[in-house]
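Here's the structure, in C-alpha cells; my notes come after.
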Amino acid sequence: MAKRETKAELKARVDHVLAALDQEYGTEYVCYLNHETPWQLLIAVIMSAQCTDARVNIVTADLFKKYDSIEKFANADLKELENDIHSIGFYHMKAKNIISCCRDLVTRFGGEVPGTMEELTSLAGVGRKTANVIRGNIYNEPSIVVDTHVKRISRKLGFAKAEDPEKIEMELMKVLPKEHWILWNIQIITLGRSICFARSPKCKECFLREYCPSADQ
DNA sequence: AACTCGGGGCA
DNA sequence: TGCCCAGAGTT
C-alpha cells in the first residue's frame, strides 16, 4: 500500500478477503484433528504443537485405542507414553504435560474439559492457541487461534502488526466479524498450507492477490 | 525476550 | 547436510 488505508478501507478489504476465502474454500467447517470427544481433541491439540496435523493423526489412531479414557492418560507411565508418541517430536515434554493435564482434568474438573481461558491455560501444555481451539470447537465461543500461519498471513494482509500472539488476537478481534472467526482460522490455515508459505509463497496463484499489500509482483 | 525441546519432510 | 514446521514452559 502506498498510503495508509483508513479504517473504512480496511474494513472493506477485510470483507473482500473473507468473501474470497469463502468462495475458494467454502463455508463448511472442518477440524483437521481426529477426535470424538473433547478430551481427545485437547490431547491431539497439545500434541500438535510444532508439528503437522497429519502426523498427529497418525499417532492418535493407535493412541486413543490404547488410552481410551482420561484416567488411562492420567495413570500412564511416562516412558511408555513417550514411546507411544515418539514420532511427533517434543515427545518428552508433551508426554509429561499430557499426564499432568489429565490428572488435573480428573482432580480439578471432574473429568471434563473446562471452557474458560483461565481454566484451560492452567492445564499443563495448554497455551492460548490450544485454549482457543477448544473454546472454538467444543464450546462454540468466538475464538481466534493464532498459530504461525495466522500470524504470518495476518501480518501480510495488514490485519495485525504485532508480534505477540495475544496482541495479534486482540487486533484481529477488532477487525474480523466474530461470526467468522472459527471459519476464518481454518481457511487461513488451509491457505498457509497450500499457497501462502512462509518461504516462497505462490502469490501469482493466490486468490487474495488483489487484496494483499504484501503480494509479489 | 531468549532459549529449549525434536523428529520428520524436503531441497 | 541444512532448514523449516498448526507452541508452550522455564529462566
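Order of the sequence lines fixes the chain letters, A, B, ..., with proteins taken first and strands second; residue numbering starts at 1 for each chain.
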[N] versus [M] - spacing of their [atom1] atoms, nearest Å:
N: C/dA8; M: B/dG9; atom1: P; result: 23 Å
N: B/dC3; M: C/dA6; atom1: P; result: 22 Å
N: B/dC10; M: C/dG7; atom1: C1'; result: 22 Å

Between [atom2] on [N] and [atom1] on [X], what's the gap in Å once rounded to a whole number?
X: A/R128; N: C/dG9; atom1: CZ; atom2: P; result: 13 Å
X: A/N57; N: C/dA6; atom1: CG; atom2: P; result: 15 Å
X: A/I144; N: C/dA6; atom1: CD1; atom2: P; result: 19 Å
X: A/E169; N: C/dG7; atom1: CD; atom2: C1'; result: 14 Å
X: A/N132; N: C/dG7; atom1: CG; atom2: C1'; result: 13 Å

Identify all side-chain donor-acceptor contacts of residues 19-26 of chain A below 3.5 Å with residues at least two apart in sequence or on another chain.
residue : atom : partner : partner atom : Å
A/D22   : OD1  : A/Q187  : NE2          : 2.9
A/Y25   : OH   : A/S194  : OG           : 3.3

Does [X] reach the main-chain N or O of [Y] with its side chain, forming a donor-acceptor pair under 3.5 Å?
X: A/K94; Y: A/A49; result: yes
X: A/D104; Y: A/L123; result: no
X: A/N132; Y: A/I144; result: yes
X: A/R209; Y: A/A215; result: no
X: A/E205; Y: A/I195; result: no

Where along residues 114-125 of chain A does a heavy atom come under 4.0 Å from DNA chain C, residue by residue in number order?
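Contacts with DNA chain C under 4.0 Å: A/L123, A/A124, A/G125.
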Close approaches to DNA chain C from residues 172-184 of chain A, in residue order (heavy atom, under 4.0 Å)
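Nothing qualifies; none.
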Connected hydrophobic set around A/I182, excluding itself, where side chains approach under 4.5 Å:
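Members besides A/I182, by chain and number: A/Y29, A/Y32, A/I186, A/I189.
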Applying ring-ring contact (aromatic ring centres under 6.0 Å, His included) as the test, list every pair that has at least one member in residues 148-190 of chain A; sequence neighbours left out.
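Residue pairs passing ring-ring contact (aromatic ring centres under 6.0 Å, His included), neighbours aside: none found.
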Classify A/V133 by what it touches in the nucleic acid, base, sugar-phosphate, or nothing, heavy-atom distance under 4.0 Å.
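Nothing, no nucleic acid heavy atom in range.
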Can you name the salt bridge (charged side-chain N to carboxylate O under 4.0 Å, His left out) partners of [X], sequence neighbours left out?
X: A/R135; value: none
X: A/K151; value: A/E163
X: A/K72; value: A/D68
X: A/R193; value: none

Members of residues 71-103 of chain A that approach DNA chain B, where some heavy atom sits under 4.0 Å away:
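Per residue number, the list reads A/H86, A/S87, A/I88, A/G89, A/F90, A/Y91, A/H92, A/M93.
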What pair of heavy atoms forms the shortest contact from A/T130 to A/G125, and how long is it?
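Closest heavy-atom pair between A/T130 and A/G125: OG1-O, 4.3 Å.
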If every non-hydrogen atom of A/D216 is compared with every non-hydrogen atom of A/C203, which pair is closest and at what distance?
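Where A/D216 meets A/C203 most closely, the heavy atoms are N-SG, 3.4 Å.
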Using the six-membered ring wherever Trp is involved, compare the ring planes of A/W39 and A/F64 and label them parallel, tilted or perpendicular (cut-offs 30° and 60°).
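If you compare the ring of A/W39 with that of A/F64, the planes turn out perpendicular.
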Please determine whether a side-chain nitrogen or oxygen atom of A/T130 lies at a distance below 4.0 Å from atom OP1 or OP2 of C/dA8.
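A/T130 to C/dA8 OP1/OP2: side-chain N or O found under 4.0 Å.
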Just the endpoints, please: which first and last nucleotides of DNA chain B, 5' to 3', lie under 4.0 Å from a heavy atom of chain A?
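Here the contact window of chain A covers B/dC5 to B/dG8.
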Sub-3.5 Å pairs of nitrogen or oxygen atoms, protein against nucleotides 1-5 of chain C:
residue : atom : partner : partner atom : Å
C/dC4   : OP1  : A/R199  : NH2          : 2.4

A/N83/A/K79 under side-chain contact (heavy atoms from CB on, under 4.5 Å): CA gap, chis, key distance, verdict
CA-CA 6 Å; A/N83 186 58; A/K79 292 295 178 189; over 6 Å; no
